[in-house]
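To keep things clear, I will list the structure first and then write my remarks on it.
The structure displayed is predicted, hence computed values, not measured ones.
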Amino acid sequence: MYFKRVIIALSVTGLAAAFSLGLFTRPVVKGTDSAGFSAVRVAADIEVISREPHSLENPKARAKVRNYLVQRLTEIGFSVEVKHYDSVRMRSGEYTSIANIHATAMPLKGKPGSFLLMIAHYDSRHTFRAGEEVHYSLGAADDGYGLGVILESAYLAMKYRQEWRQGFRVIFTDAEENNLDGIKKAIEHEPMFFSDAGLAINLEARGVKGPAILFETSAGNSELTELYGKADYPYSYSLTTAIYKALPNDTDFSPVKEIVPGFNFSVIDNLDFYHTKHDNYSNISLSSIQHYGSQIEPVVEEYLKGERYSDSSLLKGAEDFVYFTVPFLGIISFTAGSYLFVNILMLILFAASLLFAFRAKRVSLKGYSRGLILIIFLALALSLLSYAGTRILCALNGADYRMISLAHLKYDEIYNIAVISLIFPVVYLTNSLMIRKQMLSNLEIAIASQTILSLTAILLLIQTGENFFIIVPLSVSLLTFIGGDDHFARLVSLPGIFLSVITVTPFIYSIHVALASGALFIPVFYTALLAFSLMPAAYTFTRKIAKSN
């Protein structure tokens, strides 16, 4: 029966990870007959947009894409203008002209209180060298996803135009890939296009697949967080805004967010295809496109219809919320004060738990110290081994190592998945061995992991103001062993493991694909700490039947 319990515990962990990464927690792709958002309809636009490279280096092809977008917006019912700008310096040193597409649709009844502004760029990446190969991107994802999703969102919005209280503006920018020249020119020369906008939604793609992530908001996100709560299948973390700042990327949202509050969406998986010839129509992901729409379309409808959004300053909140996504539950948000209270409460509970364990002599100082050393040593060892493996992969591929945005390595995805997948079995076997050899008790491992998580939580809260991916497993660990009641621990162990895994697995995934293979040691270190925090609960569950027999 012991091994059956092990299998059940592993199955619960695996199912939680699968659920959190998309099994039943992502929208079903809708066909052309759908009354709602259809990724298949979007794909039809992308097929036209991505027929040939259309960067600043390809003016004729770019003009074809521009003309197609003007035609589509006009057919949908927008008034469209093309704004031309001269003397833009390309990366080659030559000068060229660029042209943005501005489109506007007004409510059928009354004057608009404010405007929704949706943004995507229509130029593809200029010549890109990856290793020894020169690539010419077709821009199917970057930024065909953004263009297609906006066209579909505009088409659907027209169905309830008589209910609009706000106006709808679209800007398809040129030269985003050339130092954001298109959006900068628009802000400089057409400031009125932005002045009465109350919400900006920018759509990007840093990859071709995976969930569409709301990875950035403008400052003061409290009201924005409430609006985003209307989204179906939300996927967002307030912490990713800080992480994004560490990446060598800007988008059209970078200058816009200083004047208009809003959201920045992107897929971020498969950096190997980003800006390369593989960013083509055959590699688009209908699932990813549908996920953009499931989040954005309800937000667009809410904003256009909502009387309260007539105040264009409404979404400029006074404070930043801490928020994160939990599959099945949606967005969980806190004010800064309430989040601080949660942290203080967790630390008080930990201190009480630690004191009780020592006073009741359920934990020895020797065992506690040994547990701390074991966890820190194994987490660091696994991280260093993963780092060494990445360096070896770089050497085998003839590539220079870099920590951020390391891509185009053969077999790196297989290696990364294998490394992270092995962490839980390694930690479980290590824990079991230490317990069988009576070198550590299960509770000593739990208390030691709680100590490390608590210290990490304090440091992260001081540095970033956020630490949900530490607080959630810490809470589960404390709840599992509170008061030393083994029966209660056995009751809550599996639900606690499930909750922890579905909450933090998408975050681990997002961090890994955002930073890429060069930073593999970061999610490895965290996953090791996570495993150590959950294994005592798993061990408690597996021992339930064994003891009764």
Aromatic ring pairing Phe328/Phe498, orientation class (parallel under 30°, perpendicular over 60°, tilted between): parallel
Between Ser517 and Tyr415, a side-chain donor and acceptor under 3.5 Å: no
Lys30 atom NZ, neighbour heavy-atom count above 12 within 6.0 Å: no
Whether Gln290 side chain and Phe37 backbone form a donor-acceptor pair below 3.5 Å: yes
Qualifying salt bridge (charged side-chain N to carboxylate O under 4.0 Å, His left out) pairs, either residue in residues 379-406, two or more places apart: none
Under 3.5 Å donor-acceptor, Ser353 side chain and Phe350 backbone: no
Intermediate values then yes/no, ring pair (Phe, Tyr, Trp, His ring centres under 6.0 Å), Phe468 and Tyr323: CA-CA 9 Å; Phe468 81 91; Tyr323 63 85; 9.6 Å; no
Partner set under salt bridge (Lys or Arg N to Asp or Glu O under 4.0 Å) for Glu413, not counting sequence neighbours: Lys209
Between CG on residue Leu460 and CG on residue Leu239, distance to nearest 0.5 Å: 8.0 Å
Sidechain-backbone polar pair: Asp143 side chain, Ala120 backbone, donor-acceptor under 3.5 Å: no
Carboxylate-amine/guanidinium proximity below 4.0 Å for Arg362 and Glu444: no
Atom pair CZ/CG of Phe263 and Asn221 - distance to nearest 0.5 Å: 9.0 Å
Set of residues satisfying salt bridge (Lys or Arg N to Asp or Glu O under 4.0 Å) with respect to Lys277, sequence neighbours excluded: Glu133
Approximate separation, where rounding is to 0.5 Å, of Phe215 CZ and Glu204 CD: 7.0 Å
Polar side-chain atom of Ser266 near backbone of Ile268 as donor-acceptor pair, under 3.5 Å: no
Pairs meeting criterion ring pair (Phe, Tyr, Trp, His ring centres under 6.0 Å) with involvement of residues 394-414, two or more places apart: Tyr387-Tyr401
Intermediate values then yes/no, ring pair (Phe, Tyr, Trp, His ring centres under 6.0 Å), Phe324 and Tyr237: CA-CA 4 Å; Phe324 54 92; Tyr237 305 91; 7.4 Å; no
Spacing of CG belonging to Leu345 relative to OG belonging to Ser338, to within rounding of 0.5 Å: 12.0 Å
Any donor-acceptor N or O pair under 3.5 Å, side chains Asp252, Asn202: no
Under 3.5 Å donor-acceptor, Thr451 side chain and Ile447 backbone: yes
CA sep, side-chain torsions, deciding dist, call: Glu466, Tyr339, side-chain hydrogen bond (donor to acceptor under 3.5 Å, both in side chains): CA-CA 8 Å; Glu466 301 193 32; Tyr339 194 70; over 6 Å; no
Results of side chain to side chain contact (heavy atoms under 4.5 Å, CB included) for Ala448 - residues two or more places apart only: Leu372, Ile375
Spacing of Ile259 atom CD1 and Lys316 atom NZ [to the nearest 0.5 Å]: 8.5 Å
Donor-acceptor contact below 3.5 Å, side chain His275 vs main chain Arg125: no
Derivation and outcome, side-chain hydrogen bond (donor to acceptor under 3.5 Å, both in side chains), residues His121 and Asp142: CA-CA 8 Å; His121 67 91; Asp142 181 22; 3.0 Å; yes
Atom pair CD1/OG of Ile445 and Ser477 - distance to nearest 0.5 Å: 11.0 Å
Partner residues of Glu223 under the salt bridge (Lys or Arg N to Asp or Glu O under 4.0 Å) criterion, sequence neighbours left out: Arg308
